[in-house]
Structure formats: structure tokens, C-alpha cells
Amino acid sequence: MSGKVILHYFNGRGKMESIRWLLTVLEVEFDEHYLTSRDQYLKLLNDGSLLFQQVPLVEIDGMKLVQTKAILYYIAEKYNLHGKDLKERVTINMYSEGLMDLMEMFMMLPFAADPKSKLDSIQSKANERYLPVFEKALTGPLYLVGGKLSLADVLLVECTLMLEEKFPGIMKEFPSVKAFQGRMIRIPAISRFLQPGSKRKPQPDEGYVKTVMEVFNITGPLP
Ligand SMILES: N[C@@H](CCC(=O)N[C@@H](CS)C(=O)NCC(=O)O)C(=O)O
């Protein structure tokens, strides 16, 4: 196993995108092995790389890690983006898991039978359930937890950009979150990541959906 971090996933956002964001902000270099065929997935299964038969898989520090949250928490902990004590850590995890719940709804959209109604539901949940929490937390403070950058901040900037792709005016009612986003995207590593040609993945297209369905033998829309 080489010393470099290796990501095994599709050439698309999905559950790996937040891991790409975190590594990018930390300026940790990584290589990507894209899953493009069912045979590649079966090979990972057969060589025992996938603990629960699922990707994302991240090779790091001599380990083969699966489970997105566990991977994010490991990297955040290793590079000091996971709070200074247990109370900060649990707060970071609460914010992070809320954001992951919201972003997961976007991930499922291209596989849904009725994406329009799902999109409406994402918009109202974002407005009523999620963004008010972050607006309150960021009214005053520059960062979500402990006065310094953490995993939760990285996920929040990713999520706000994702929301604006689908609902361009959504941040109008949330000025503190919008100001936070403005500060975050000026961080040089993030600013580079947002330029064309970076490792940031675009919104899912038909090709991405087709590959995922072939790799996992999915035959119809997901619930
Ligand atoms: N709890 C896991 C879920 C991972 C997951 O659902 N991965 C999908 C691809 S995004 C997968 O491998 N699906 C194949 C399967 O479940 O058989 C995580 O968060 O990493």
C-alpha cells in the first residue's frame, strides 16, 4: 500500500465528495481510482477490500477505510479539525451529521422516480430545518465550533454551494451563512478547488447515473 491517500469511488460526487473537500482544505494530496465497471467492484469485493461491500473506500495510513462518517472523523481528528475536547467534538459531529443528512438527499435525487417532489422537499427542509440552525450558530462567530475551522465548517460550505446550484436565491434569508460562505471560498485551497479542472466533481449527469446503476446492478428507480 503506497503512502499516498487513495480514494476508490465513482468519478462523481456521491458520498466521496465531502472526503475530497476535507482532504483539499487540508491540502492532503490524494489519487483517485474510479469505479467504471461492475468487474472492478467485484474485484474490490473479492479481494476483501470492502468491509460492508460498499464504497467509499479510502486507503490511508496503511488502512482500508469504509463508512463515510468514520473516514471523515478519522481525517478530521488526524489533522486537528475535530475540536479540542469531547464537547466540541460532539457538537461538530451533530452539525456534520445534519449536513450529511441534507446532502444525502441531493445524492439520491438522480436515482429517484419523482425528482421534482424530492427537490421541493429538500428546499423546504433546507429552509425550515437546516439553514436556520447554521444562521443562528454563525450570527457573531466566524466558525461553527470553538472559534476555529472544523470539519463542520468544511461540510457547511460544500452544502451551501450545493443548495445554491439548485435554489439560487436560497441564502437571501440567511445572511450570516452567506457571509460565512464568502469567507470560506476565499481560503486559497477552496478557491483553487472551485476552479475548473480541480478534483471537485460536477453535478451528477446521465453518464454518472448509468455507471452507478451498472456497477451495482440497479434496475429501476430508488425509493
Ligand atoms: N453507510 C455507508 C453507506 C455507503 C453506501 O451506501 N455506498 C453505496 C455507494 S454510494 C454502495 O456501495 N452501495 C452498494 C451496496 O450497498 O450494495 C457510508 O456512509 O459510507
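Order of appearance sets the numbers: ligands from 1, and atoms from 1 within every ligand. Predicted, not measured: the structure shown is a model, and the values here were computed from it.
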Is it the case that atom NZ in K78 sees more than 12 heavy atoms from other parts of the structure closer than 6.0 Å?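 For K78, atom NZ is crowded (more than 12 foreign heavy atoms under 6.0 Å).
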Collect the protein residues that have a non-hydrogen atom under 4.0 Å from ligand 1 and hand them over in chain and number order. Y9, K15, Y41, Q54, V55, P56, Q67, T68, F216
Looking only at side-chain N and O atoms, does K43 offer a donor or acceptor that is under 3.5 Å from a partner on Q40? no
Classify the ring geometry between Y95 and F134 as parallel (under 30°), tilted (30 to 60°) or perpendicular (over 60°). tilted
Pair up each side-chain donor or acceptor in residues 166-177 with any protein partner under 3.5 Å, not counting sequence neighbours, and list the distances.
{"from": "K166", "atom 1": "NZ", "to": "Q203", "atom 2": "OE1", "distance (Å)": "3.0"}
{"from": "S176", "atom 1": "OG", "to": "E135", "atom 2": "OE2", "distance (Å)": "3.0"}
{"from": "S176", "atom 1": "OG", "to": "T139", "atom 2": "OG1", "distance (Å)": "3.3"}

Are the charged groups of R20 and E158 less than 4.0 angstrom apart, N to O? no
Please tell me if the side chains of L72 and S18 come closer than 4.5 Å, counting only heavy atoms from C-beta onward. yes
